[in-house]
Amino acid sequence: MKIRRFFGKDMREALSQVKAELGSDAVIMSNRKLADGIELVAAYDKEPEAKLSIKKPAPRTSGQAKAAVPSLSEIIGDDGPDSLKALLEKQHGGSIQSPASAPAPSANAQHANQIASHLDFSEAFIDDVEASQHTSEFPSHQASSLNESIDNGSAAKSDELSQIKEELASLRNVLQYQIADLMEAKSRRQQPVHHYLIQRLTDMGLSQSLAEQLISYTPSHYNERDAWVYLLNLLANRINVTGNDILTQKGAVALVGPTGTGKTTTVAKLAARYAQKYGADSVAMITIDTYRIAAFEQLATYGKIIGCTVRKAQSSEELSDLLFQLRHKRLVLIDTAGFSQRDSRLIKQINQFDNGQMQPVKKYLVAQANTQYAALQRIIDAYEGVELSGCIFTKLDECYSLGEVLSAAVEYQLPVSYVTDGQKVPEDIKIAEAKSLVSAAAKLYKKYGLNHTTSNNVVKTARAV
């Protein structure tokens, strides 16, 4: 059986298309009013024959009965009705025959009648269709059902498109992973030493991009030992150190950074070192940490031991006044409150130094040396709008890997000023040296970095009670 859809600007044009395409024996299955015309669904049980010539039908004899089902030509005619109601009435009217006079229906007609028997040809349906031809809008119940079907169809299509996009993205990720694996295998075969050294640098804590960049400068004829020494020296040359800049300069210096990095202790260490060099009267300390309990008392205790002035400021105006009062001091060290890099109060505190009413303040970032690389990136990004004069790495004595902070310092071009490795004041603070930092990172890697390859580690599991 052949079923086709036809579209026309009116019923006559659509029916003409049905006749031209499927022939005059086609059966109208359904119709629908569209915004720009009429849509008909017609059925035909066999393929239409090629119309090379049109033969006139043989004249009827007096004994012949009328056909059981009128043809589409008889329905349409030259002046066929445009009304579906009239069309259906004519079609049904022609099919009513007396049992004695009507011939046995053909197989096509029986099949068409079976299909038509399932269609809704009630008077209410016909009236609705006929009324829709004379109005520009559908009836309210048909419009609502049409809108619901359109919404459901669009939602289903949207879900299908989303699933297709997710599948394509998943396939792309798999392909990228496979291609990267193939490229890595090819590079491993062509340059096994370079691949081994990249693995060692990443295990030491350096980022993948920095490790590959350093490897690209390594001569290909070097053996593994010479290339490793060359890489460490190259890394040391990439680290920017500032020397003993804070303890040799004048002015105001603020230490900023996340909470728990040791800013207060570092301020005390720098103040003690400066007092040893220039005298206790040449240095002063100010805290603007009004959030942590006993923050001022801790700094005041250090000030009594050192013998220097300690003050507290709760606003940018008080800080500006204190800096003006202490302008005769060679160095003023400012201890700030520790906030998470996602805390909005951090930006508010940083803005206190740029209100245009106080003398310039140099800012140094204090970060723990054992911080994860991703956390270091977020911390440095939080101070993107702040002009940092350098950074201080603390708690080197608690590190198992030092490559992360070195990688962040190189990639963000952040100068390193000092490192601290303990709580003693003022002993546990040192001037940053690039070769010493790289050497410490290599020693930590040699001591702790290779332990993950051993099979002696026992995985502890929970015991049933």
Side-chain angles (χ1 to χ4, degrees), residues 241-257 261-290 292 294-338 349-350 352-355 357-367 386-396 415-433:
V241 293
T242 61
N244 196 16
D245 55 344
I246 296 179
L247 299 182
T248 57
Q249 66 184 358
K250 299 179 181 180
V253 173
L255 301 188
V256 298
T261 57
K263 294 185 296 296
T264 303
T265 306
T266 305
V267 166
K269 292 176 181 178
L270 291 173
R273 287 289 183 91
Y274 205 84
Q276 290 177 353
K277 186 175 182 180
Y278 298 101
D281 294 336
S282 62
V283 63
M285 295 185 292
I286 300 176
T287 179
I288 60 174
D289 186 1
T290 59
R292 186 166 58 91
F296 173 72
E297 287 74 9
Q298 180 183 2
L299 198 64
T301 302
Y302 283 125
K304 291 179 180 179
I305 297 173
I306 299 171
C308 63
T309 305
V310 180
R311 295 288 185 270
K312 177 174 66 174
Q314 296 183 349
S315 64
S316 59
E317 290 78 10
E318 292 184 11
L319 179 60
S320 179
D321 293 339
L322 288 177
L323 288 176
F324 181 77
Q325 296 174 11
L326 301 172
R327 63 187 182 278
H328 60 282
K329 302 288 184 180
R330 287 177 58 93
L331 179 66
V332 177
L333 295 169
I334 303 173
D335 180 27
T336 63
Q349 184 192 67
I350 294 174
Q352 293 183 2
F353 301 109
D354 300 319
N355 60 359
Q357 299 177 358
M358 65 180 67
Q359 67 183 74
V361 178
K362 294 183 179 181
K363 292 167 280 292
Y364 286 77
L365 176 64
V366 181
V386 180
E387 183 180 356
L388 296 175
S389 300
C391 65
I392 300 174
F393 293 142
T394 60
K395 303 183 181 181
L396 264 69
V416 185
S417 300
Y418 298 91
V419 294
T420 66
D421 54 359
Q423 298 292 325
K424 295 181 181 179
V425 179
E427 292 86 2
D428 294 336
I429 187 170
K430 297 178 178 61
I431 301 172
E433 295 180 356

#### Entry: Intermediate values then yes/no, side-chain contact (heavy atoms from CB on, under 4.5 Å), Y418 and N244
CA-CA 8 Å; Y418 298 91; N244 196 16; 2.5 Å; yes

#### Entry: Heavy atoms from other residues, nucleotides or ligands near CD of Q276 exceed 12 (cutoff 6.0 Å)
yes

### Query
Where do L333 and V267 come nearest, in terms of heavy atoms and distance?
CD1-O, 3.6 Å

### Message
So, taking the atom named CD1 in I246 and the one named CD1 in I392, what distance separates them when rounded to the nearest 0.5 Å?
### Response
4.5 Å

### Task
Classify the side-chain pair Y302/D335 by whether it contains a donor and acceptor separated by less than 3.5 Å.
no

### K424, NZ atom: more than 12 neighbouring heavy atoms under 6.0 Å
no

### Message
Y364 vs D245, test: side-chain contact (heavy atoms from CB on, under 4.5 Å). Steps then yes/no.
### Response
CA-CA 11 Å; Y364 286 77; D245 55 344; 2.7 Å; yes

### Message
Can you tell me which residue among K329, M285, Q325 is in a side chain to side chain contact (heavy atoms under 4.5 Å, CB included) with T309?
### Response
K329

### Message
Nearest 0.5 Å, please: how far is CG in L331 from CG in L326?
### Response
11.0 Å

### Polar side-chain atom of R273 near backbone of I429 as donor-acceptor pair, under 3.5 Å
yes

### Task
Find out whether L365 and T261 are in side-chain contact, i.e. whether some heavy atom of one side chain is under 4.5 Å from a heavy atom of the other.
no

### More than 12 heavy atoms from other groups under 6.0 Å of NZ on K250
no

#### Entry: Side-chain heavy atoms of V283 within contact of Y278, under 4.5 Å
no

#### Entry: Atom of I306, atom of A268 and distance for their closest heavy-atom approach
CD1-O, 3.6 Å

### Message
Testing the basics here: between K263 and V366, what is the closest heavy-atom pair and its distance to 0.1 Å?
### Response
CG-CB, 3.9 Å

### Task
Might you work through the side-chain contact (heavy atoms from CB on, under 4.5 Å) test for D428 and K269, ending with a clear yes or no?
CA-CA 8 Å; D428 294 336; K269 292 176 181 178; 3.7 Å; yes

#### Entry: Straight-line distance of D421 CG to E427 CD, nearest 0.5 Å
10.5 Å

### Task
Check whether any side-chain heavy atom of V361 sits under 4.5 Å from a side-chain heavy atom of L319, and report yes or no.
no

### Query
Given side chains that start at C-beta, do those of E318 and I288 come closer than 4.5 Å, heavy atoms only?
no

### Message
Test side-chain contact (heavy atoms from CB on, under 4.5 Å) on I286 and L323; report intermediate values, then the result.
### Response
CA-CA 9 Å; I286 300 176; L323 288 176; 4.1 Å; yes

### Task
Compare every heavy atom of S389 with every heavy atom of K362, then report the nearest pair and how far apart it is.
CB-OG, 3.7 Å

#### Entry: Residue pair L322 / V332, side-chain heavy-atom distance below 4.5 Å
no

### Message
Side chains of T420 and T394 only: does a donor on one sit below 3.5 Å from an acceptor on the other?
### Response
no

### Query
What is the distance from atom CG of L299 to atom NZ of K304, rounded to the nearest 0.5 Å?
12.0 Å

### Task
Provide the closest heavy-atom pair for A280 versus G307 in the form atom of the first, atom of the second, distance.
CB-O, 3.4 Å

### Query
Is the number of heavy atoms from other residues, nucleotides or ligands under 6.0 Å of Q298 CD greater than 12?
yes

### Query
What are the two closest heavy atoms between L247 and Y274, and how far apart are they?
O-CE1, 3.4 Å

### Heavy-atom donor-acceptor pair, T265 side chain to G262 backbone, under 3.5 Å
no

